[in-house]
Chemist: 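Take this structure first; my questions come after.
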Amino acid sequence: MENILLKDNVAEIEAYFAAGGYKPLKKALGLKPAEVIDEVKKSNLRGRGGAGFPCGLKWSFIPRDLEGPRYLVCNADEGEPGTFKDRELMLRNPHALLEGMAIAGYAIGAGHGYIYIRGEFAAETGVLDKAIAAARAKGFIGKNILGSGFNFEIFTHRGAGAYICGEETALLESLEGFTGQPRLKPPFPAIKGLFGSPTVINNVETLAAVPSIIEKGGDWYAAIGSGKSAGTKLFCVSGPVSRPGVYELPLGAPLRDLLEKNCGGMKPGRKLKAVIPGGSSTPVLTAEEAKAVKLDYESLAAAGSMLGSGAVIVIDESQCMVKLLQVLARFYHHESCGQCTPCREGCGWIEKLLNRFEEGRASRGDIDTLYSVADGMLGRTICPLADAMAMPVMSFVKKFRGEFEAHADGKICKGVRS
Amino acid sequence: MPFKFTEEFRARAEKICARYPRRDAALIPLLLEMQKEKGYIAEEGLDALALFLQIPYSRVKGVATFYTMFNHEPVGKYHLQVCRNISCHMAGSESLLGRLRGRLGIAEGETTRDGLFTLSAVECLGACGAAPVMQVNEKYFENLDEAKLDALLEELKHGRLPH
């Protein structure tokens with residue numbers, strides 16, 4: 001099928017417009033905001049940042065009768081290890097994002113939209129700023145858009161290197177100029193979000209799908225994909241496959257097809273060992289599980305993992321699972337904001353325990369300790385960063401226990417230990 | 001000498017503040033702007049920024065030290081930041097880091113004596129399909145191997161940051 005998100009030669013506004021771009025915005029402005037929300041609800045579009053929350057429902061939580069400003073925030077703080085889809089999307093199709101934001105802004109009654117983009121994406125911020133200026137010059141952003149009376153401004157806002165700011169309430173704190181420590185919920189951002197006002201936060205990929213939904217209808221979009229997992233999804237594949245990169249597929253496509261047809265299979269001489277299907281936080285799948293699973297919310301949940309951000313990390317037989325988990329533990333320990341004890345201390349303990357395995361100082365009992373520390377973190381913190389550490393630990397230990405035992409027994413690790 | 005913002009910086013900063021209903025929301029963008037000037041943010045600069053935004057110094061200091069992109073000491077002309085997270089690790093980032101340590105004679109977190117290079121190991125840069133990746137100042141270099149790394153270092157030594 002034709003791509004909805006990843007298109008070629010539409011980065012410039014003239015080309016985007018020539019391909020039908022900004023017509024959906026015009027159409028949306030002719031509808032009532034509630035009708036726009038209904039169309040998105042009908043599409044079954046779900047959040048593409050990782051949580052998979054229904055997009056139209058999220059928009060409908062914004063109170064209609066409250067006085068005062070509302071805000072739209074685009075989460076472009078792409079930082080989940082393995083994830084590089086929003087970067088590609090922003091570079092190749094920036095106007096789909098801006099148009100989606102304008103439509104979303106109209107639907108929820110927002111006057112301002114902020115794109116919170118990770119600080120390292122300096123070039124990408126430049127591309128967006130240029131696109132915003134071009135859209136403003138053509139009257140698609142700014143005052144009285146297309147003569148509708150609707151005013152909407154978009155600003156980019158760079159972060160400064162904190163994974164936690166991808167969590168939506170930490171993002172709001174950061175956008176207000178504070179340290180990125182997640183907020184307790186409730187109140188939810190739809191009631192009390194940015195600057196204390198009702199706020200919707202959507203991922204780049206979610207917003208970029210909106211123009212097509214308005215153009216072709218929610219029913220059209222809902223018919224793509226499989227069952228409750230509607231539409232297409234960007235999958236970013238890294239690891240030793242022949243053609244790593246970002247691919248757009250209908251939800252429900254077999255993971256096997258993504259790896260073999262799109263990515264050209266494993267690199268010569270490499271054998272598949274495991275796949276982390278949805279970013280580093282999601283539970284790992286064995287090669288057997290990976291070959292059988294489909295890429296949608298329900299199938300991956302049934303397989304004990306998650307669709308997450310669509311970051312497919314391919315691991316081959318030359319890799320040591322203990323070492324890879326140590327790499328992840330160092331990351332989560334580094335990125336824990338320090339607010340909740342189970343996360344702050346737990347991530348540290350896990351990293352220290354894994355250092356023990358890697359340095360040949362671990363006993364078999366440490367395997368159970370590792371698992372129980374992770375188990376003690378799960379679901380006990382303000383935000384899901386602790387879960388994001390605990391889930392890989394528990395799945396790595398469960399599925400590759402033999403490698404942890406070999407380390408504990410002092411046997412030479414068969415994997416690469418570079 | 002007390003730290004003072006230039007008029008040009010103040011004008012630019014006011015424009016950034018105007019994007020938000022509360023001017024202190026511009027704290028992080030302004031820290032980034034300050035870092036752009038000298039590659040790091042001097043302690044006196046934090047104080048000046050607190051006064052400019054009319055917020056406590058403690059908040060500016062807290063934010064400047066929470067986010068890892070802010071440097072508090074001078075860095076080299078080229079800040080080499082090697083990603084070492086999972087995809088880059090599998091693609092050999094450890095050996096690239098080792099090679100850089102050897103070629104430059106410095107460890108992570110250090111700057112060469114001539115002030116040309118600072119070496120850092122960083123977490124996921126969000127370009128995993130092109131692993132291993134290194135960021136030099138604000139630019140990404142992707143699909144690196146030893147030969148490409150050596151060629152890049154040679155260019156940088158001659159003061160050229162390839163496009």
Side-chain angles (χ1 to χ4, degrees), chain A residues 69 78-84 86-88 112 114 118-123 153 155 157-163 165 174-181 194-195 197 236-240 243-246 276 280 311 313-316 318-319 323-324 327-328 330-331 334-335 337 416-418, chain B residues 16-33 35-36 53 55 59-60 62-70 81 83-98 121-133 135 137-140 142-143:
Chain A
E78 182 163 58
E80 171 83 357
T83 315
F84 51 101
D86 295 335
R87 179 184 184 227
E88 179 108 352
H112 288 82
Y114 294 98
R118 63 177 296 173
E120 292 85 349
F121 284 174
E153 295 290 344
F155 298 107
H157 180 108
R158 275 170 75 194
Y163 167 73
C165 293
S174 183
L175 191 42
E176 292 183 10
F178 294 93
T179 54
Q181 295 195 316
L194 188 61
F195 306 117
S197 296
C236 36
V237 187
S238 62
R243 291 189 299 272
V246 186
I276 302 177
S280 65
I313 305 167
V314 177
I315 299 166
D316 75 300
S318 73
Q319 298 293 333
K323 178 71 200 180
L324 293 187
V327 167
L328 293 183
R330 181 184 62 206
F331 168 73
H334 181 256
E335 300 296 340
C337 83
V416 176
R417 303 186 62 178
S418 62
Chain B
I16 293 172
C17 289
R19 296 175 190 165
Y20 310 95
R22 292 207 300 248
R23 57 191 278 122
D24 57 309
L27 176 53
I28 292 169
L30 292 185
L31 285 168
L32 286 169
E33 287 294 320
Q35 179 151 297
K36 222 186 261 175
L53 291 174
I55 54 175
R59 177 168 156 207
V60 179
V63 165
T65 50
F66 181 87
Y67 295 92
T68 54
M69 274 174 61
F70 297 124
Q81 300 164 82
C83 174
R84 57 173 180 178
N85 211 297
I86 186 161
S87 304
C88 285
H89 170 82
M90 290 194 290
S93 62
E94 283 296 329
S95 66
L96 288 186
L97 261 175
V122 296
E123 298 298 349
C124 190
L125 289 170
C128 323
V133 180
Q135 190 183 0
N137 300 346
E138 290 198 329
K139 192 168 167 29
Y140 279 30
E142 306 180 337
N143 292 308

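The chains referred to below are lettered A, B, ... by the order of the sequence lines, with proteins before strands, and numbering in each begins at 1. Heavy atoms only: backbone and side chains are in, while hydrogens, waters and symmetry mates are out. Please read these numbers as outputs of a predicted model, since none were measured by experiment.
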Chemist: Determine whether A/Val314 and B/Met90 make a side-chain contact, defined as any pair of heavy atoms from C-beta on separated by less than 4.5 Å.
Modeler: no
Chemist: Which answer fits A/Glu335, side chain, backbone, both or neither, if we ask what part of it has an atom under 4.5 Å from a heavy atom of chain B?
Modeler: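 Just the side chain, heavy atoms under 4.5 Å.
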Chemist: For chain B, find which of A/Pro81, A/Pro69, A/Pro244 contributes the most heavy-atom pairs closer than 4.5 angstrom.
Modeler: A/Pro81
Chemist: Check whether any side-chain heavy atom of A/Arg330 sits under 4.5 Å from a side-chain heavy atom of B/Arg84, and report yes or no.
Modeler: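 Touching, per the 4.5 Å side-chain cut-off.
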Chemist: Where do B/Cys124 and A/Gly79 come nearest, in terms of heavy atoms and distance?
Modeler: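 Distance-wise, the nearest heavy atoms are CB-O, 4.1 Å.
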Chemist: Which region of A/Cys165, side chain (C-beta onward) or backbone (N, CA, C, O), has a non-hydrogen atom less than 4.5 Å from a non-hydrogen atom of chain B, or is it both or neither?
Modeler: side chain
Chemist: Considering residues at least two apart in sequence or located in another chain, which fulfil the ring-ring contact (aromatic ring centres under 6.0 Å, His included) criterion with A/Phe195?
Modeler: A/Tyr71
Chemist: Examine whether an atom of A/Tyr114 lies under 4.5 Å from a heavy atom of chain B, and if so say whether it belongs to the side chain, the backbone or both; otherwise answer neither.
Modeler: side chain
Chemist: In this structure, which one of A/Ile276, A/Val327, A/Ile313 forms a side-chain contact (heavy atoms from CB on, under 4.5 Å) with B/Ser87?
Modeler: A/Ile313
Chemist: Taking all atoms of both residues into account, what is the closest heavy-atom pair of A/Phe84 and B/Gly126, and its distance?
Modeler: CB-O, 3.1 Å
Chemist: Side-chain contact, heavy-atom cut-off 4.5 Å: A/Glu120 with B/Val122?
Modeler: no
Chemist: Using a cut-off of under 4.5 Å for heavy-atom pairs, which of A/Ala123, A/Gly161, A/Ala122 has the most such pairs with chain B?
Modeler: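 The answer is A/Gly161.
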Chemist: Nearest heavy-atom pair of B/Gly129 and A/Ser238: which atoms, and what distance?
Modeler: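 Closest heavy-atom pair between B/Gly129 and A/Ser238: N-CB, 4.2 Å.
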Chemist: In this structure, is the centre-to-centre distance between the rings of A/Phe155 and B/Tyr20 below 6.0 Å?
Modeler: no
Chemist: Going by side-chain hydrogen bond (donor to acceptor under 3.5 Å, both in side chains), name the residues that satisfy it together with A/Asp316, two or more places apart in sequence or in a different chain.
Modeler: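 side-chain hydrogen bond (donor to acceptor under 3.5 Å, both in side chains) list for A/Asp316, sorted by chain: A/Arg270, A/Ser318.
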Chemist: How close do B/Val63 and A/Thr179 get, counting heavy atoms only, and between which atoms?
Modeler: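 Reported closest heavy-atom pair: CG2-N, 3.7 Å.
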